[in-house]
Student: 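Structure incoming, see below.
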Amino acid sequence: MASRRLRLVLLTVLAALAVSAALGASSQAASLYWTNLGGTTIGRADTDGAGVNQNFITGAAGPCGVASDGTHIFWANSSTKTIGRANLDGTGVNQSFITGVLSFPCGVATDGTHVYWGTGGAGFNIGRANVDGTGVNQSFITGANHPCGVAVDAAHVYWAHSPGTASGIGRANLDGTGVQESFVPIPTGNPCGVAVNSTHLFWGGGNNAIGRANIDGTNVNLSFVPGLSSYACGGAIT
C-alpha cells in the first residue's frame with residue numbers, strides 16, 4: 001500500500017498539472033494547477049512560472065489529480081472520497097461537488113461534457129458525471145484493476161492499471177461500452193498515468209521509461225523514452 005501511495009503521490013506531483021487555455025473564457029489568463037496530495041490545497045501559477053500560490057484553493061482532503069474544462073477545475077479528494085470543483089479564478093469552491101466516490105479516487109479527466117475519475121483503493125472502477133455534477137455514475141466502467149490515471153479523447157476513455165502481469169492501458173467507448181481492460185497489455189512496469197493525442201497513447205511506468213503506442217493499440221514501445229531516473233508516473237501532452 002505504501003508503494004501504491006508513493007506512485008499516486010508521483011502522479012499528483014509530476015503529472016496532475018492542468019493548463020487552462022481559456023476555451024471560451026478569454027478574459028481568464030492561462031494558468032497551471034496542481035494538487036498537493038500530502039496536504040489540503042490546490043496550487044496555481046501562471047504558465048511562465050510566475051505568480052505561484054500554493055494555497056490557491058484550501059480545504060481539500062488528500063487531493064489527487066486535477067483537470068480543467070476551460071471553465072472549472074476538478075480534483076479528486078482521496079481522503080473524503082469526493083470530487084471537488086471550483087471556478088478557474090479559485091472562487092465557487094465545492095469540495096463535495098460529487099460525493100459517494102468509491103475508495104481512494106485519484107486521477108481526473110474531462111472532455112468538456114463529462115468528468116471522469118479512477119478509484120484505485122477498492123471497487124476498481126472509472127466513475128463519470130456531467131460537468132454540472134448531475135448524472136453521477138460511480139461504476140461507469142467496472143473491473144479496472146487499480147486504475148492509476150485517466151485520459152479521454154473524442155472517442156474513448158483510457159486508464160492505466162496495475163499490478164502484475166495483468167497491467168496495461170484500458171480503453172472503453174465514451175458511453176462506457178466496449179471495455180478492453182488490456183487494450184495495450186504491459187507485462188512489466190506497472191503503468192501509472194496516461195496521456196493521449198490524436199495519434200498516440202503515452203504512459204509512465206516502473207521500468208523508468210515512458211511508453212508509447214499507436215492510438216489503435218498497435219506498435220507498442222515500452223521504452224519510447226528510456227533511462228529515466230526513477231518511476232515515471234503520469235504525463236501530459238499538448
Side-chain angles (χ1 to χ4, degrees), residues 7-8 11 15-16 18 64-65 67-69 74 76 83 98 100-205 210-222 224 233-237:
R7 292 170 190 165
L8 294 176
L11 171 64
C64 187
S68 172
D69 64 357
F74 305 86
I83 304 300
I98 296 170
V101 177
L102 301 176
S103 179
F104 207 92
C106 188
V108 291
T110 180
D111 57 8
T113 302
H114 297 94
V115 57
Y116 307 81
W117 60 91
T119 57
F124 305 154
N125 296 337
I126 306 296
R128 190 186 81 164
N130 298 326
V131 291
D132 65 359
T134 63
V136 176
N137 186 344
Q138 303 288 3
S139 301
F140 177 63
I141 296 169
T142 60
N145 184 24
H146 291 284
C148 184
V150 186
V152 61
D153 63 14
H156 297 98
V157 182
Y158 307 87
W159 61 95
H161 66 88
S162 60
T165 57
S167 64
I169 305 300
R171 189 185 80 165
N173 299 326
L174 285 183
D175 63 1
T177 62
V179 176
Q180 297 171 271
E181 176 62 8
S182 291
F183 174 64
V184 178
I186 301 173
T188 60
N190 289 338
C192 185
V194 59
V196 60
N197 65 11
S198 61
T199 57
H200 292 93
L201 289 163
F202 303 84
W203 61 88
I210 302 298
R212 190 185 79 161
N214 294 337
I215 196 69
D216 63 0
T218 62
N219 197 26
V220 177
N221 185 344
L222 299 180
F224 178 65
C233 191
I237 186 169

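Each residue takes its place number in the sequence, starting with 1.
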Student: Measure across Trp203 and Pro191 and return the closest heavy-atom pair with its distance rounded to 0.1 Å.
Tutor: CD1-CB, 3.9 Å
Student: What pair of heavy atoms forms the shortest contact from Trp117 to Val115, and how long is it?
Tutor: CZ3-O, 3.6 Å
Student: Any side-chain heavy-atom pair from Ile83 and Tyr116 closer than 4.5 angstrom?
Tutor: no
Student: State, to 0.1 Å, how close Trp159 and Ala172 come at their nearest heavy-atom pair, and which atoms those are.
Tutor: CZ3-N, 3.8 Å
Student: Grab the two heavy atoms, one from Asp69 and one from Gly112, that are nearest each other, plus how far apart they are.
Tutor: CB-CA, 4.1 Å
Student: What distance separates Asp216 CG from Leu201 CG, expressed to the nearest 0.5 Å?
Tutor: 9.5 Å
Student: In Å and rounded to the nearest 0.5 Å, what is the CD to CD1 distance from Gln180 to Ile169?
Tutor: 12.5 Å
Student: Does Ile98 reach the side chain of Gln138, with side-chain heavy atoms less than 4.5 Å apart?
Tutor: yes
Student: Taking the side chain as C-beta and beyond, is there a heavy-atom pair between Val220 and Pro185 under 4.5 Å?
Tutor: no
Student: Any side-chain heavy-atom pair from His146 and Ser167 closer than 4.5 angstrom?
Tutor: no
Student: Using the rule given for disulfide (SG to SG under 2.5 Å), can you reason through Cys148 versus Cys106, listing the C-alpha separation, both sets of side-chain angles and the distance that settles it, and then say yes or no?
Tutor: CA-CA 7 Å; Cys148 184; Cys106 188; over 6 Å; no
Student: Answer yes or no: is there a side-chain heavy-atom contact under 4.5 Å between Ile215 and His200?
Tutor: no
Student: So Asn137 and Ser139, do their side chains get closer than 4.5 Å, heavy atoms only?
Tutor: yes
Student: Which atoms form the tightest heavy-atom contact between Gly118 and Ile126, and what is the distance?
Tutor: CA-CD1, 4.0 Å
Student: Between Val157 and Arg171, is any pair of side-chain heavy atoms under 4.5 Å apart?
Tutor: no
Student: Of the non-hydrogen atoms in Leu174 and Asp153, which two are nearest, and what is the gap between them?
Tutor: CD2-O, 3.8 Å
Student: Rounded to the nearest 0.5 Å, what's the gap from CZ on Arg212 to CG on Asn219? Could you check?
Tutor: 7.0 Å
Student: Quick one: pull up CD1 in Ile141 and CG in Asp175 and give me the separation to the nearest 0.5 Å.
Tutor: 9.0 Å
Student: Taking the side chain as C-beta and beyond, is there a heavy-atom pair between Val184 and Tyr158 under 4.5 Å?
Tutor: no
